[in-house]
Amino acid sequence: IDEITARLYANETFSTTSRIFDEEMLIAFAPLQADLSDRNLYVVQVFNKETALAAVAALTFMLIAVFSISFAVFAAGLWVLYRSILNKVNDIEISRIKHYYAKPYIIKIKADGRIKWFNRTFRQHLPASLSYKNVLDFDLTTEITEDVMNWIGQQHAFTARFQNIGRVTFIHFISLKTTGGYMLLGDDVTLDENRKDYYRTLALVHPLTELPNRNSLKWDLRIILADKDEFRRYALVAVHIAGLSKNSIGFNESVFNQTIKSTRDVLNQTLKGYDATLYHTESETFAVLIKDLGDYLQTKAWVDQTLFRFKKAIIVDANIFNIDLKLGVFEIVPENYAYLSEETCYDNMMLALNHAKQSGSINVMTYDVRMSQYATYEQVMEDDLAKAIRNDEFEMYFQPQYHFIDQRIVSFEALIRWKHPKYIQESPMTYIRLAEQNNMIIDIGKIALEKSFAVARELADEDIKISINVSPLQIVQVGFVNDLMDSFNQFGLKKHSISIEITESFLMASFDQVIPKLKALQDFGIDIHLDDFGTGYSSLQYLSELPINIIKIDKSFLVNLMTDHHKRAIVQMVSNLAKNLQIEVIVEGIEDERQMQYVIKSGCQIGQGFHISPAVPFEEAKALIKLYNKDKAPLKGLKSKSGR
């Protein structure tokens, strides 16, 4: 009490504890402010101690929580700031090290281009270039169309090539104007320049032969045609290796490539003494640009010399190749044309080459304007062919395949014909080849299959098969096998009533891709005929492995059959081989009685050709069935089974 009294007289604010009514109480004393009363009064508040401390504890806990959260946020902020500063410091350190080890190339030059000094980087890495006295001596790779110092004065960038010991370095400079001259700051761009050189080479040089390619040829032609000041004679000759892909079947890619290179070497030898450039424009095609000709007879002389040189076989990895060349010549006479571009020159050369390739006996064709007219004719034919597909202008003809022993027609080869008066005299091979070039053969092939299947269904009771020619482009189409099987089932055809004919050359060239498809068709009940047998390569090697039912001896072996003992021997040999392999043989192209008799004598049982019957419409084909199969009329020149 004395202590409380003393502190009250001292006018202090304080608190104390005391037990009141047997409870621990907290007593707070505070003097009343003088402006509220002129008397010396105290405000006394009494609290239960536990209640007061509990309130203080809650407040304390809340303050601690707030402080903890604030501290955590502050600590996280400090950590983020620390990491950010650390990264910046690392970046600065990396940049400093990078700068230390890759200092820029610096050259100080005077206003007239004279070099005052090279920095340490230049002296260390390009010591051989320190002999330069003037920037004008630099080997610039940047195309500068004005005075070099004016270019530098305008602070344009440029690149220079520096020869160093064992390598070439490209430095890209920017210029900064300084007192009395310029500071050239350089960066090593050798990697970028080498990459540019690689792509430039890739664009202008054939990678196999390292000869300039088609792009180079057209560029050179553009330069020649742009020079109109002086008349000069030029000739452009395309040289194609005929049949190389077909000849190389069975050999690896290395032999094929080496054959191309050997052809390149021989062509280069024939061009000695000529002002000419050899180009490699396509896989099996070269081009020669002969310049400054006295007259165009010199071109003919080179062509004759080249053909004579290639009569001699070349040897590649112990393999002997007889190279057959086809050449297309275009004589460049600008005054003969209203407009002549590099594209026109190239196209005219290739047009002449295509005519040579289409000819069996002519190896060289020289371009004339009629060839372009022929090209226009082909364009019109292509348009008409597209309309023919839409309008169904096609009809199937059927050529009988006659069995000499059974003396009956056992099958027909279905051949498509175009019912268009404009092309009535055109060989079917012309528009078939055009259709293959433009992928229209897929649609034409579907038409042929559907019409042939309809005929096969009509002949179901006659025990006669229908064989259908299938284009290579059809076979490689995804889904061809399933589509063929579906159509077969939709027409309700008997097993082995349909055969498809595939050429030997395509089969051998696409062996791995095609064989599984042919096996699937054969297992399904569709027979496989190997057409043009003997015109491909490595046939005997794979014959026992091929899923085929019949081989067809190509009609080319019957030309001059009676006077060519080699062809007679081949027909005899193929017949014996087929017997041993238990494969039937059809001989195509029987044109006369003597050929037929020899074929029969050789043991071939089935024949096809004009001597038996040409390809005829279906109604006439039915008449042939009645004549030979029902009425039993003997084939002309063939005795009947009764001997009559």
- Item | Side chain proximity check, T299 to Y274, heavy atoms < 4.5 angstrom | no
- Query: Just by modelled atom types, is the S216 backbone N or O under 3.5 Å from a matching donor or acceptor in the N213 side chain?
  - Reply: yes
- Q258 backbone acceptor or donor facing S262 side chain under 3.5 Å: yes
- Are the aromatic rings of F138 and Y132 close, with centres under 6.0 Å apart? yes
- Would you call the rings of F122 and F162 parallel, tilted or perpendicular if under 30° counts as parallel and over 60° as perpendicular? perpendicular
- Query: Are any side-chain N or O atoms of R123 and backbone N or O atoms of F118, one a donor and one an acceptor, separated by less than 3.5 Å?
  - Reply: yes
- Query: So, T141 side chain and T159 main chain: donor-acceptor pair closer than 3.5 Å or not?
  - Reply: yes
- Task: List for me each residue that meets side chain to side chain contact (heavy atoms under 4.5 Å, CB included) alongside W117, sequence neighbours excluded, and say none if there are none.
- Result: I106, K108, N119, M183
- Message: Tell me whether K300 is salt-bridged to D304, with the criterion being a basic N under 4.0 Å from an acidic carboxylate O.
- Response: yes
- Yes or no on side chain to side chain donor-acceptor pair (under 3.5 Å) for S471 and E436, after CA distance, side-chain angles and deciding distance? CA-CA 8 Å; S471 167; E436 287 180 333; 3.2 Å; yes
- Item | Side-chain donor/acceptor of S68 to backbone N/O of I64, under 3.5 Å | yes
- Task: Measure from the side-chain N and O atoms of T285 to the backbone N and O of T281, and report whether any donor-acceptor pair falls under 3.5 Å.
- Result: no
- Task: Applying ring pair (Phe, Tyr, Trp, His ring centres under 6.0 Å) between H156 and each of F173, Y182, W151, report the one that passes.
- Result: W151
- Message: Check whether S175 reaches the backbone of I152 with its side chain - one donor and one acceptor, N or O, closer than 3.5 Å.
- Response: yes
- Task: Please report the closest heavy-atom contact between R114 and D112, naming both atoms and the distance.
- Result: NE-OD2, 2.8 Å
- Main-chain N/O of Y105 paired to T121 side chain as donor or acceptor, under 3.5 Å: no
- Flag if over 12 foreign heavy atoms under 6.0 Å of CD, Q477: yes
- Query: Would you find a donor on one side and an acceptor on the other, under 3.5 Å apart, between the side chain of H172 and the backbone of I174?
  - Reply: no
- Are any of the side-chain heavy atoms of V364 and L307 separated by less than 4.5 Å? yes
- Among N469, V470, I502, whose side chain to side chain contact (heavy atoms under 4.5 Å, CB included) with D531 holds? N469
- Task: Please test D220 against Y279 for side chain to side chain donor-acceptor pair (under 3.5 Å), starting from the C-alpha separation and ending with a verdict.
- Result: CA-CA 11 Å; D220 291 345; Y279 304 84; 2.6 Å; yes
